[in-house]
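Predicted model only: the values in this text are computed from it and were never measured.
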Amino acid sequence: MPNHRKNLEARTRYDPGEIEQRIFAEWLQGGYFHPPAEGTPAQNYSVAIPPPNVTGALHMGHALNGTMQDALVRMQRMRGRNTLWLLGTDHASIAVHAVLEKELRAEGTSRHELGREAFLERAWAWKEKHGSQIVNQYKRLGASCDYERERFTLDEGYVRAVYRVFKELYDKGYIYRDNYMVNWDIGSRSVISDLEVENRKVEDTIYFIDYPVEDSDDVLTVATVRPETMLADTAVAVNPDDERYRAFVGRHCILPLVGRRLPVIADQHVDPEFGTGALKITPGHDPNDFEIGRAHDLDEITVIGEDGRMTEAAGERFAGLTVAEAHKAVVAALREEERIRGEEPYVHAVPFSHRSGERIEPLISLQWFCRMDELAQPAIEVVERDEVRIVPDQWKRVYLDWMREIRPWCISRQLWWGHRIPVWYCDACEETYIAETPPERCGACGGELRQDEDVLDTWFSSALWPFATLGWPDDTPELRAFYPTDFLTTARDILFLWVARMIMSGLEFAGDIPFEDVYVHSVIQARDGRRMSKSLGTGIDPLEEIEVHGADALRFGLLAMSSTQDVRYSDAKVQQGRDLANKLWNASRLILLNSDSGQNQPGTNARQDTNARQEQAPVGVPGGTAQGSSPHPTRAEDRWILSRLQRAIATMTERLEAYDFAHAAQEAYRFLWSELCDWYLEIAKPRLYDGEKDAAATLLGVLEQTLALIHPIMPFVTEEIWSHHPAREGHLAVHPFPQADDSLIDLDVEAEVDEAIELTRRLRAWRELVGVPVGSVLSGRVEGADPHEFVGRLARFEFSSDGGDPIASVGPVEVLASGEVDAAAVRERIEQRRTELRSEVERAERKLGNEGFVAKAPPEVVEDERRKLDAYRSELEELG
RNA sequence: GGGCGCGUAGCUCAGUGGGAGAGCGCUCGCUUCACACGCGAGAGGUCGCUGGUUCGAAACCAGCCGCGCCCACCA
């Protein structure tokens, strides 16, 4: 592959655009992401991706979430585990309706005009055309999902799973149908669950309205922010202990504008301190009043319809008006009758639809519900016992608090795209059938059956994701091999909507927890700290970032900026990732282009003699602990880098396993940049140029391990470089992941080389501080053995024991006078150093003079302080 | 109303009991044969405020100020 080789020689910049797509295709072709359904869940590693909406485009949340999963999945795959990362999409009822109904509106029609069947045809056509978009975008990110096992929540098999679950829950008595107070979303013309409601602060006006008491001149004044709902009032309630109203309980008010007799009832729920202490009761349009109404067996009147307009029951003056119009009209009418005693501005929380953004209309409606208490109990216990571990654990309590207060879940939706409720009604004899497959005719009377019009809440099917995707309810090889999965990554916003429900359904239907760990990651905000959102225009497109900086750069950046708390998107971190990829590329060029035996001239030795190269190359030791041909080199610096590499491997592995991605990324950066490139490569360069085999072997071994170590977070650049490595046998994606080898950690050698590095640093700093020209070589004298060779080379010093006048000392080095050194600057520097040392000595003396410190601090801390003091004193003494 | 989190260098964030850190930005100097997406050297911080615990507090405790989020049927 001469061209391949030439690329390495010619390109001084890593160019992700050229290679990412090619490499991804190679991975797919290798079949690495498509594991056989063999082995046990304990042996295997599996993750189910949080399924993105079919309508979706990859956003930063996906990118972060996907990168985290990919990093862990790749690490486990490299460790040789049979690894499945299951991918698929969610049918997302409401989102698809939003897209299609917008189209229809633009065409001047509506879904109701079109009809259910034609609408669904259109929805499927839309899905076929656009549904693969987001899947392809995950590929751009480098996500190593099993693209051959892609699932969709409306797949035939998945629908069977949903129907099975519905029927079982119904048979157990958990699912039921009831007329109940629901959150009606005017925007989507459907009921939504409590979790899809978002409370916002709203400035309203609170009106104080006089309700005359029957057969008297008395009035009861009630307070309300929604006067239009008074048309549906069926009682007035007061607190039973409220002396002011005790006499009125049992009497009646006359409802203004309507004339209805309203019983005055006593109920604990009424707060005597709030408003007037008298509460108008509207069971049809207020959740609180609904409860009171049911407790007191009050009439439930509906004056607001599902279309958001006033119904006939509102009376002919108001029927047909929108709620807002009715509000004004009722207030005007009450004014006319002089019933309004007062009004005040009032700020309070008002429910809005999370989806459509419209104000929720609470009303009574016939819907399907699922009782949750019994399902919740085991799901509470597994989290209490940490069988499902929620990380970080503050979210454990949030989960438990919510689960312990769980309420029935309204699962029906007045939409068409989704799982149609598997219930059939016989109009002739009023029989009801709940079945997994549609029954032919009514078993009782032989009459025609009509299926329920509604579909299930999308989250009802998402709740089954970890096992339904593996083939449940059938006993499939996939299910046996990969369930339960290992972990789930998610942002906190779907902890209740999705995570809790998966745990409940996993335990109930698949007989086990769906995953062992739940990692709750940060939310990435826009650069200015606002929420990233399409509607605000604050979104940052991950694909654009990939286009500009490369997938590895984005991946590194996202991991590096991630946290357990919200963080602002950091362009700097993505650039850091890009720079790191480039650094790795160039460091690799240095190593690879100079590690062939014989010719070392970069650019002139496009050798094709691969056999020869392999002979001298460090062959990967089986098991993936390749360390070069000589795992225990004799030179200190070689042993130093190997020792440091083991630490980097250990740290990075540990951080990844702890879901601490930011520190894992930082460790990769630190090791590669600061230790390998800044020091070791500079130290080893001359030996590399000289064709010294030990140096080349060490470097090739370190490179191999470094590439493998970093591959989980930056898969593309590492794979590309690996393709140039002489030890390469297959793709890095399935290369053994490095394991820290403690036998290579050498504390003595680390201390020795660190000391030499520190000396180099000090000499360089000293030169700059006293203004020595960059190019000039200074003379230095050292007592005893010379420092390591690289100290003089990198700091531009020549050491000898010959004579000469010392003009300054830097550590163990006496700097000898020369024309390059300005004596005045040196004196100034010495004075500066003296000041530094004096303050250090003073600080240490003060600390050691504190009796409490010496008596109570741990001895090693005190000892450490003494050592430092001695060192400062002796240096000060040397300076005179 | 209840709960959670945050306030550290100009910016974005680490650091949870023993001398304040990173990246970016800034200053100075370098066309050093891997990389200017680079190399070397620097400047920059009363760790929100007030009290307390401790020999020792950015860290632990209490209160306050500011910001954010979640849950909640006071109309």
Exercise. Give one of base, sugar-phosphate or nothing for A:E682, where a contact means two heavy atoms less than 4.0 Å apart.
Key: base

Exercise. Can you sort out which residues in residues 865-872 of chain A have a heavy atom within less than 4.0 Å of RNA chain B? Ascending by number, please.
Key: A:K868, A:Y872

Self-check item: Watson-Crick or G-U wobble partner of B:A36, both distances under 3.5 Å
Solution: none

Quiz item: Quick one: is A:R397 getting a side-chain N or O under 4.0 Å of the B:C4 phosphate, OP1 or OP2?
Solution: yes

Practice problem: May I have the step-by-step check of side-chain hydrogen bond (donor to acceptor under 3.5 Å, both in side chains) for A:S193 and A:E196, ending in yes or no? | Solution: CA-CA 5 Å; A:S193 72; A:E196 292 159 295; 2.8 Å; yes

Quiz item: What is the base-pairing partner of B:C26, counting Watson-Crick and G-U wobble geometry with both distances under 3.5 Å?
Solution: B:G42

Practice problem: Looking at every strand, decide which applies to A:R568 at a 4.0 Å heavy-atom threshold: base, sugar-phosphate, or nothing. | Solution: sugar-phosphate

Practice problem: Answer with yes or no whether A:E768 presents, from its side chain, a donor or acceptor under 3.5 Å of a partner atom in the base of B:G40. | Solution: yes

Quiz item: For B:C55, what is the paired nucleotide under Watson-Crick or G-U wobble rules, both distances under 3.5 Å?
Solution: B:G18

Practice problem: For A:P362, answer base if it contacts any base atom (sugar-phosphate contacts may also be present), sugar-phosphate if it contacts only those atoms, and nothing otherwise; contact means non-hydrogen atoms under 4.0 Å. | Solution: nothing

Practice problem: Tell me what A:H549 touches on the nucleic acid: a base, only sugar-phosphate, or nothing, going by heavy atoms under 4.0 Å. | Solution: nothing

Quiz prompt | A:Y14 vs A:N586 side-chain heavy atoms within contact, under 4.5 Å | solution = no

Quiz item: Base, sugar-phosphate alone, or nothing: which one does A:D678 contact when heavy atoms must sit under 4.0 Å apart?
Solution: sugar-phosphate

Exercise. Summarise protein proximity over nucleotides 20-26 of chain B in one line of letters, 5' to 3': B for base, S for sugar-phosphate only, - for none, counting protein heavy atoms closer than 4.0 Å.
Key: ---SS--

Quiz item: Which is true for A:R793 with a 4.0 Å heavy-atom rule: it touches a base, it touches only sugar-phosphate, or it touches nothing?
Solution: nothing

Quiz item: Rounded to the Å, how far apart are A:L769 CG and B:G29 P?
Solution: 15 Å

Practice problem: Tell me which of A:T12 and A:R796 sits closer to the 5' end of RNA chain B, going by the nucleotide each one is nearest to. | Solution: A:R796

Practice problem: Only counting residues at least two apart or in another chain, list the ones meeting side chain to side chain contact (heavy atoms under 4.5 Å, CB included) with A:V398. | Solution: A:W395, A:L495, A:F496

Practice problem: Provide, to the nearest angstrom, the distance between the CG atom belonging to A:L672 and the C1' atom belonging to B:C35. | Solution: 12 Å

Exercise. Just call it for A:A857: base, sugar-phosphate, or nothing, with non-hydrogen atoms closer than 4.0 Å on any strand.
Key: base

Exercise. Determine the contact category for A:R492: base if any of its heavy atoms lies under 4.0 Å from a base atom, sugar-phosphate if only primed atoms, P, OP1 or OP2 are that close, otherwise nothing.
Key: sugar-phosphate

Quiz item: For B:C69, what is the paired nucleotide under Watson-Crick or G-U wobble rules, both distances under 3.5 Å?
Solution: B:G3

